[in-house]
Amino acid sequence: MYIDLRSDTVTKPTEEMRRAMYEAEVGDDVMRDDPTVIKLEETAAEILGKEAALYVSSGTLGNQIAIQTLTRSGDEVILEQDAHIYLYEGAGHAVYAGVSTKTLPGVRGAMNPEDVRKAIRTENIHHPRTGLICVENTHNKAGGTILPLEHLEAVSKIAKEHGVPVHMDGARLFNAVVGSGHKASAFTQYVDTVQVCFSKGLGAPVGSVLAGSKEVIEQARFIRKRMGGGMRQVGVIAAPALIALTKMVDRLAEDHANAKLLANGLAEMKGLQMDVSSVDTNIVIVNVANSGLSELEFVARLKDEGVLCGDFGPELVRFVTHKDVTTEQIQDALVKIGRVVRGVA
Ligand SMILES: *Cc1c(COP(=O)(O)O)cnc(C)c1O
């Protein structure tokens, strides 16, 4: 049995979730007849401080529907250079929405608001139109970092001044909620739309939600159908998502404590560069450049020891803590990582 720290997407549904799936009331959701989906969407909208919400099959689909809803073909989208939308969604923005990107460097995942201001296009016959600004919270590639409220407020203010909407890729927004102590709506008040995943740390088997104004979500519902994302008796998977949303948020604190424990242990190992203060939530990124192993070799050797993690770009390895890994397993993983690192020294 591996200790699986590749991602929080590996979490399995709880017994309560499986029971809820069996018992879920269902209907044809394209006809708006599925009471479980309606309840999930209403609950999500309320928690996220938005008028309406749309259940979608994945975070990627939620983000891509948001881009298609808020932009016109030929627009430019401003986003942080390591954003999930930019790096990990197959350039869906270019394929489906027909938009180009303007990427900006971030510090802990946060773009400099003044850079955002400068990146917004002025009216000029030569220029594309700036159609959208995207932010990511928590920021995956930066190591699960939380975007500060002041940052979001500053970006929102600039966006409003220029009449540009803002979308938040909040795949792990609830990790930011638990990590900061702020309500979800404190973060989402600064954005027009937000996408949140139920299938990561919250433990549901499938699904995400996209929330926003009634008008925007109505258009998003049309685009979801056009993309083939309209689903029928989908209450069977909305039911565990509702449990994820209402019962699985607070326990994310355990994942954050385990991430800190892991980071503290890694920081003491020779050959690993680990900045413990960079760990805000459940993602730990360590630099293995001085270990004598490439990131791919590191991942492979650790697998031989029984621990799974992910290579995360040159020299970097990512560990993600989640509900299916205990504190004891984290301690065990540290022993095994130590063996790999010493095995080379
Ligand atoms: C996982 C993730 C997504 C995409 O979610 P899927 O359900 O895997 O499509 C989007 N954004 C971020 C930041 C993510 O971590």
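All residue numbers refer to positions in the sequence shown, counting from 1.
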Distance-only donor-acceptor check, side chains [X] and [Y], under 3.5 Å:
| X | Y | answer |
| --- | --- | --- |
| N124 | H126 | yes |
| S208 | Q195 | yes |
| N282 | T321 | no |

Is the shortest distance from a Lys or Arg side-chain nitrogen in [X] or [Y] to a carboxylate oxygen in the other one below 4.0 Å?
| X | Y | value |
| --- | --- | --- |
| E16 | K247 | yes |
| K214 | E218 | no |
| K118 | E114 | no |
| D255 | R172 | no |
| R221 | E41 | yes |

Taking the side chain as every heavy atom from C-beta outward, state whether [X] and [Y] have any atom pair closer than 4.5 Å.
| X | Y | answer |
| --- | --- | --- |
| Y55 | I237 | yes |
| V135 | Y190 | no |
| I133 | I120 | yes |
| F298 | I337 | yes |
| R6 | V320 | no |
| L152 | F187 | yes |
| D4 | D324 | no |

Return yes when atom [atom1] of [X] has more than 12 non-hydrogen atoms of other residues, nucleotides or ligands closer than 6.0 Å, and no otherwise.
| X | atom1 | answer |
| --- | --- | --- |
| Q331 | CD | yes |
| R301 | CZ | no |
| K336 | NZ | yes |
| E215 | CD | no |
| E161 | CD | yes |
| E25 | CD | no |
| E46 | CD | no |
| R32 | CZ | yes |

Among all residues two or more places apart in sequence or in another chain, which pass the side-chain hydrogen bond (donor to acceptor under 3.5 Å, both in side chains) test with T9? S7
D280 pairs by side-chain hydrogen bond (donor to acceptor under 3.5 Å, both in side chains) with which of R108, H139, K260? R108
What is the distance from atom [atom1] of [X] to atom [atom2] of [Y], rounded to the nearest 0.5 Å?
| X | Y | atom1 | atom2 | result |
| --- | --- | --- | --- | --- |
| L242 | E42 | CG | CD | 11.0 Å |
| R232 | D33 | CZ | CG | 10.5 Å |
| D169 | E136 | CG | CD | 4.5 Å |
| D82 | L79 | CG | CG | 10.0 Å |
| R251 | T14 | CZ | OG1 | 10.5 Å |

For residues 143-181, which residue pairs qualify under ring-ring contact (aromatic ring centres under 6.0 Å, His included), counting only residues two or more places apart or in two chains? none
Looking at every non-hydrogen atom in both residues, tell me the closest pair between [X] and [Y] and how far apart they are.
| X | Y | value |
| --- | --- | --- |
| L173 | L48 | CD2-CD2, 3.7 Å |
| T101 | H93 | CG2-NE2, 3.4 Å |
| E80 | G106 | OE2-N, 3.0 Å |
| V77 | C134 | CG1-SG, 3.8 Å |
| L61 | V56 | CD2-CB, 4.2 Å |
| V325 | N258 | O-ND2, 3.6 Å |

Give me the one residue out of R121, K102, R129 that meets salt bridge (Lys or Arg N to Asp or Glu O under 4.0 Å) with E76. R121
With sequence neighbours excluded, tell me which residues meet ring pair (Phe, Tyr, Trp, His ring centres under 6.0 Å) with H84. Y88
